[in-house]
S.K.: 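Sharing a structure, written as structure tokens. Questions coming.
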Number of protein chains: 2
Amino acid sequence: MKIKDIAKLAGVSPATVSRVMNNSGYVIDEKRKAVEKVIAEVGYTPNEIAKSLKNRKTNIIGVIVPKISTETASRVVDGITEVAKAHDCQILIANTDLQIEEEIKSLKFLSNRLVDGIIMMATEVTEQHYKVAKGISVPIVMVGQQVDGYPSIIHDDYHAAKAMMKHILAKGHQEIGFIGVSPHDIAVGIKRKQAYLDALSEAKLEVDDQLIAIGNFSIESGYEQMEKILAHKQPTAVMAVTDQLAIGAIHCIRDHRLTVPEDISITGMGDGKLSKYFIPPLTTVRLHHKTTGIMAAKNLFTLIENGYVKNEMVVDFSLRIRESVDEKEK
Amino acid sequence: MKIKDIAKLAGVSPATVSRVMNNSGYVIDEKRKAVEKVIAEVGYTPNEIAKSLKNRKTNIIGVIVPKISTETASRVVDGITEVAKAHDCQILIANTDLQIEEEIKSLKFLSNRLVDGIIMMATEVTEQHYKVAKGISVPIVMVGQQVDGYPSIIHDDYHAAKAMMKHILAKGHQEIGFIGVSPHDIAVGIKRKQAYLDALSEAKLEVDDQLIAIGNFSIESGYEQMEKILAHKQPTAVMAVTDQLAIGAIHCIRDHRLTVPEDISITGMGDGKLSKYFIPPLTTVRLHHKTTGIMAAKNLFTLIENGYVKNEMVVDFSLRIRESVDEKEK
DNA sequence: TTGTATGCGTTATCAT
DNA sequence: ATGATAACGCATACAA
């Protein structure tokens, strides 16, 4: 069923049908009624593809995510959805499964007029990303990393981690371990570590390499890295760069017949849904992922509409002090 | 840059360019090379919208989810992504935020030739859903609920819950509480409860209404419902219909200065990422959500290609016996 | 106020 | 083997 058919049934021209569908131009009431009647009767809905081709606008925004089944990513997408809905816009998700090649491919594919704009959540932005992105005509906003020349919404990873460290230090800890993640991930791997290092030096504490362990994003990795640290030393506190890592570490500590936080204090980052309900409730810092998504989408829409937007926005964090950190008595 | 421009630059006709892009028809090697050269030089990529209009195929499948930031939904989407990728297909997600009206709207919108098929993950399928779905020409597969006339991929909620109950019964428990969810959700609200009831009656145990509490899907609700039960009784075991509910319940029990599993055993369902790492590690049953997504997508593609597919498939579950259930000594 | 005709970028048919 | 052209379904400029 196409516009022509409706026109025939209603005894008007296709143009008139189009006009009533879009409330554009002048249509005498009588004909409008007739058209609406036919539309209702046959349940006509326009072909969105044809509309898109004509209008050069799809009302779809593309979202490139490394892995949707991750609390971080899905919360961001939740935020994006919220504002997309307000703009009557659908979202097309490219779930790249952390494959760089897939990210590039998606970027190219989506940009071919399939979407009106792209939100890219990359853990790592390579030269190749950059080159492809530059050749793309649809607006792009980056999430999670500052990328030159693109509006970027980033978490204040550095200060969030620093705040966490300050909390630990304020509790009197001096031997503080660190469980991190590969520097491929700039935000989590580099910035959070730098905050740890700086906090230590600002407190005039030595950096001890044996207290630093680098793993990946899994709970298991948290366990292993903690194991590695305990093989050499027993810090009084450990900052993990992620809630999952923290939980893994706690398990390891427990398996060593030590307790959290009495023997070793632990902190995470992210404030996952369950962290509050963990035993002990995890002291962590909440990164406002949904807010990130909301801001990214808002920026994208103003970028689409105005062609311009502020270049970098950093979203807030908030310490969540719970029970996994203890006072260290001297 | 469109096909016409490439044609001009390469000194051939648009048709020829199209032919080399799609490897269709005959093109003499010399011209093919010329065209490929131009394409590479200018970085031409075809307009996907125009292709879709012409081909009546978008290579996009629509996925309607109640809430993407849910472990269940995002795992299913992960599975869908995996097979979509194998079919060179993108996925368009409509995140309905549990709004029935949004689901209907998405269903209508997506079906207008915007997608080649739809996977619908509905918690509740109303008469209205049904009516709209019937008027839609693109193939639909349902996930999570059996819907007459549509291929459906469902979890074996009934038997999974029953297996859980049998495990509890085998451990010698006789006073078993139940924390459930509203019957609006057929799979979780109705089937799992029925399994509880049947297991009890098969074991010749009385159903005690004071041991049954119905909440929603949140951790907090698990806490509140457990509170409600403890106000009247102290069962030796409680089956929660969801891991989150179970975790809430455990917190409540702990706040009553009781311990899990020594005083009260608890089980969940779902096997969330963290359930294994909870203290105590949660005995639960794993529903294979990713597999569900994979099967749904596979079915959708064969439906698109062959027009036919088996009507109902139920995906496996597996008991995860961990430490939240204790032997009840008589 | 309405209708006709054209074009959006592609593919496919039909001559050549 | 290749090119001209129609068609996909819609919106719009322009004519009436």
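Note that the structure is a prediction, hence the values are computed from the model and not measured. Naming: A, B, ... by sequence-line order, numbering from 1 per chain.
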S.K.: Any salt bridge linking A/Lys33 with A/Glu30? Criterion: basic side-chain nitrogen under 4.0 Å from a carboxylate oxygen.
M.R.: no
S.K.: Quick check, are the ring centers of A/His289 and A/His155 under 6.0 angstrom apart?
M.R.: yes
S.K.: Does some side-chain heavy atom of A/Tyr130 sit less than 4.5 Å from a side-chain heavy atom of A/Asp148?
M.R.: yes
S.K.: Counting only heavy atoms from other residues, nucleotides and ligands, does the tally under 6.0 Å from CD of B/Gln128 exceed 12?
M.R.: no
S.K.: Measuring from the side chain of A/Ser18 (C-beta onward, heavy atoms only), which nucleotide among D/dA11, D/dG9, C/dT11 has the closest atom?
M.R.: D/dA11
S.K.: Scan residues 22-37 of chain A against DNA chain D and write down, sorted by residue number, each residue with any heavy atom closer than 4.0 Å; if none is found, say none.
M.R.: A/Asn22
S.K.: Just the rounded figure in Å: distance from P of D/dG9 to CG of A/Asn47.
M.R.: 7 Å
S.K.: In whole angstrom, give the distance that lies between atom CD1 of A/Ile49 and atom C1' of C/dT11.
M.R.: 15 Å
S.K.: If you define the side chain from C-beta out and look only at heavy atoms, does anything of B/Met121 sit under 4.5 Å from B/Ile64?
M.R.: no
S.K.: In whole angstroms, how far is the P atom of D/dC8 from the CG atom of B/Asn55?
M.R.: 14 Å
S.K.: Could you tell me whether the side chain of B/Ile61 reaches within less than 4.5 Å of the side chain of B/Val115, counting heavy atoms only?
M.R.: no
S.K.: Could you state the atom-to-atom distance from CZ of B/Arg56 to P of D/dA7 in whole Å?
M.R.: 14 Å
S.K.: Does A/Lys51 make a side-chain donor-acceptor contact with the base of D/dA11, cut-off 3.5 Å?
M.R.: no
S.K.: Does the base of D/dG3 carry an N or O that pairs as donor and acceptor with the side chain of B/Arg19 under 3.5 Å?
M.R.: yes
S.K.: Under 4.0 Å between a side-chain nitrogen and a carboxylate oxygen: does that hold for B/Glu71 and A/Lys273?
M.R.: no
S.K.: Counting only side-chain N and O atoms of B/Tyr44, is one of them less than 4.0 Å from OP1 or OP2 of C/dG9?
M.R.: no
S.K.: From the list D/dG9, D/dA11, C/dT11, which nucleotide is the closest neighbour of the side chain of A/Leu53?
M.R.: D/dG9
S.K.: Looking at residues 1-17 of chain A, who's got a heavy atom less than 4.0 Å off DNA chain D?
M.R.: A/Lys2, A/Ile3, A/Ala15
S.K.: For A/Leu114 and C/dT10, what is the distance between atoms CG and C1' respectively, to the nearest whole Å?
M.R.: 14 Å
S.K.: For B/Arg75, look at atom CZ and say whether over 12 heavy atoms of other residues, nucleotides or ligands are found less than 6.0 Å away.
M.R.: yes
S.K.: By the 4.0 Å heavy-atom rule, please label B/Arg113 as base, sugar-phosphate, or nothing.
M.R.: nothing
S.K.: Less than 3.5 Å apart, any donor N or O on the side chain of A/Asn59 or A/Asp88 sitting next to an acceptor on the other?
M.R.: no
